[in-house]
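Down below is the structure, laid out as structure tokens.
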There are 2 protein chains.
Amino acid sequence: MKENPFPHFPAARGHSAKRTSILEAAARVFCREGFTGANIDLIAAEAGVSRQTVYNHHGDKENLLLAVIKDITDRSNAGLFATLATFPDQPKDLEAELIAFAVRLNQNCICSKDGKFLRKLIESEGERNPELFAGWRDEGPLKTWSALAARFARLAYSGHLEIDDPDVAARQFLALINADLQLQAMFGEIATDEQIRSAATNAVRTFLRAYRPRVEKPAPAHVSA
Amino acid sequence: MKENPFPHFPAARGHSAKRTSILEAAARVFCREGFTGANIDLIAAEAGVSRQTVYNHHGDKENLLLAVIKDITDRSNAGLFATLATFPDQPKDLEAELIAFAVRLNQNCICSKDGKFLRKLIESEGERNPELFAGWRDEGPLKTWSALAARFARLAYSGHLEIDDPDVAARQFLALINADLQLQAMFGEIATDEQIRSAATNAVRTFLRAYRPRVEKPAPAHVSA
DNA sequence: ATAAATTTAGACACGCTTGTCTAATTCGTC
DNA sequence: GACGAATTAGACAAGCGTGTCTAAATTTAT
């Protein structure tokens, strides 16, 4: 209601700074303690803000949770699709480029603070808010899978890969990427760059052993040996 | 204190039945609502028991959570190692037997009610009880990985597979097994037998494309072509 | 410097949950 | 049928968390 009806100026500077810090603190606390376990006083304290300010910005607790999820979702999706755009469509060195892509995917999307928060929040609260879960699934994993599947299909068409079902290949690629990192992801620990690189290397090596064409260059005509 | 000091009879029949039903209900509610969100009245109601009985059996709420986790962990580990024992050590049809093994693993351990409960409980409460998380990790995933890695190493030694790092192969096998089921697992839905079989087939097919020996039978001498 | 908007600390009512206690009731056994 | 153990319903105090309110202090823009 009292947000800022007309934008003579987008918002007071301290105002939006506090809004941000509230959302960040709330995300941390919701993740750590769960919705019911998170208490507003703690969120306010971690945000360096008074309790009343939290209520001024976001109404009640339920609303705050939704704001947190929307905030993280938006940022997370932006990062995700920016990263997907760097997929190696016309690779010179497929293995190296896929590894680099996998590293980016892990760093920017899956192992990032946002990515982990979002997954844990959805997993904790999804059972109580089915439409929340459905929305996340449709906009997150399902879109990721289908986008990635399209890229892999292209690589198959251009003869770089030999793939029966691109959707399966996409899911397997993502599963392999995380095979070595799942345990760390479950706890608070953030994966080292070295660990991420190693995980990506292992994953891509196996993925390519499975999906690299077995006969040399059965490519579609316009690629000549 | 008032459990049953001497076992003239192990415990009243209704007594242990109620204990079981309390643990089951508590597991459900803790999973659904989180530790703080779970309330004893609800657990008692779902167990078909009075609130006081819950306190009689398990002291306070914290204690009840520990009892639930211990209960599920024990059952879960028993199933896990029973299933691991059915690994195809001397396969005639490696692909078929690995698929069957993967199906058993998913049905008995990963997609089972206990498996899902345990994972969600640990993920929710692990951050607040580090030793809980550590115990689960050491007894669950780490042991699974190492047991599975040993089996794969054996298959590699006998020439059925060509594996650089058996630990990596084991993690990748498990990751592939779940690639198609992760989303369903996150929600309440239980995977169909058909889905589990299909997921296992996809996984094993890819796994074997990656790890089956490329040159025919470079086996260790005693296997003759 | 002044006026408007925002933030703050604190107090407050209200509801819910935990854990205990008691007295009545049911259950299993002899 | 009678006994003891377990279970039950209900009341209860104490603590905590939410959300509201007020009056003072602080920030921001004019």
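All chains are named by letter (A, B, ...) in the order of the sequence lines, taking the proteins before the strands, and each is independently numbered beginning at 1.
- At the phosphate of C:dT6, neither OP1 nor OP2 sits under 4.0 Å from any side-chain N or O atom of A:His57.
- The pair A:Asp167-A:Arg171 does not count as a salt bridge, with every side-chain nitrogen at least 4.0 angstrom from each carboxylate oxygen.
- The ring of A:Phe87 has its center closer than 6.0 angstrom to the ring center of A:Phe152.
- Taking atom CG of residue A:Asp60 and atom C1' of nucleotide D:dG17, one finds them 13 Å apart after rounding to whole Å.
- Salt-bridge check for A:Glu46 with A:Arg28: passed, with a basic side-chain N closer than 4.0 Å to an acidic carboxylate O.
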Walk me through it: do A:Ile69 and A:Leu65 pass the test side-chain contact (heavy atoms from CB on, under 4.5 Å)?
CA-CA 6 Å; A:Ile69 289 182; A:Leu65 174 67; 4.1 Å; yes
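- Listed nucleotides: D:dT7, C:dG19, C:dT7. Nearest to the side chain of A:Ser50: C:dT7.
- Judged as a salt bridge (charged side-chain N to carboxylate O under 4.0 Å, His left out), and not counting sequence neighbours, B:Glu125 has no contacts.
- Closest approach to the A:Arg51 side chain among D:dT7, C:dA11, C:dT7 is made by C:dA11 (side chain taken as heavy atoms from C-beta onward).
- Between B:Lys61 atom NZ and C:dC16 atom P the separation is 16 Å, expressed in whole Å.
- Rounded to whole angstrom, the span from the CG atom of A:Asn56 across to the C1' atom of D:dC21 amounts to 12 Å.
- One finds a side-chain N or O of A:Thr53 lying less than 4.0 angstrom from the OP1 or OP2 phosphate oxygen of C:dT8.
- Listed by residue number, the members of residues 34-42 of chain A with any heavy atom below 4.0 angstrom from DNA chain D are A:Ala38, A:Asn39, A:Ile40.
- Between A:Asp193 and A:Arg197, no side-chain nitrogen of the basic residue sits less than 4.0 Å from a carboxylate oxygen of the acidic one, so the salt-bridge criterion is not met.
- Mapping B:Gln52 and B:Tyr55 onto DNA chain C by nearest heavy atom places B:Tyr55 closer to the 5' end of the strand.
- Put simply, NE2 on A:His58 is 14 Å from P on D:dG19, counting in whole angstrom units.
- Of the candidate nucleotides D:dG19, C:dT7, C:dT18, C:dT7 has the atom nearest to the side chain of A:Lys18.
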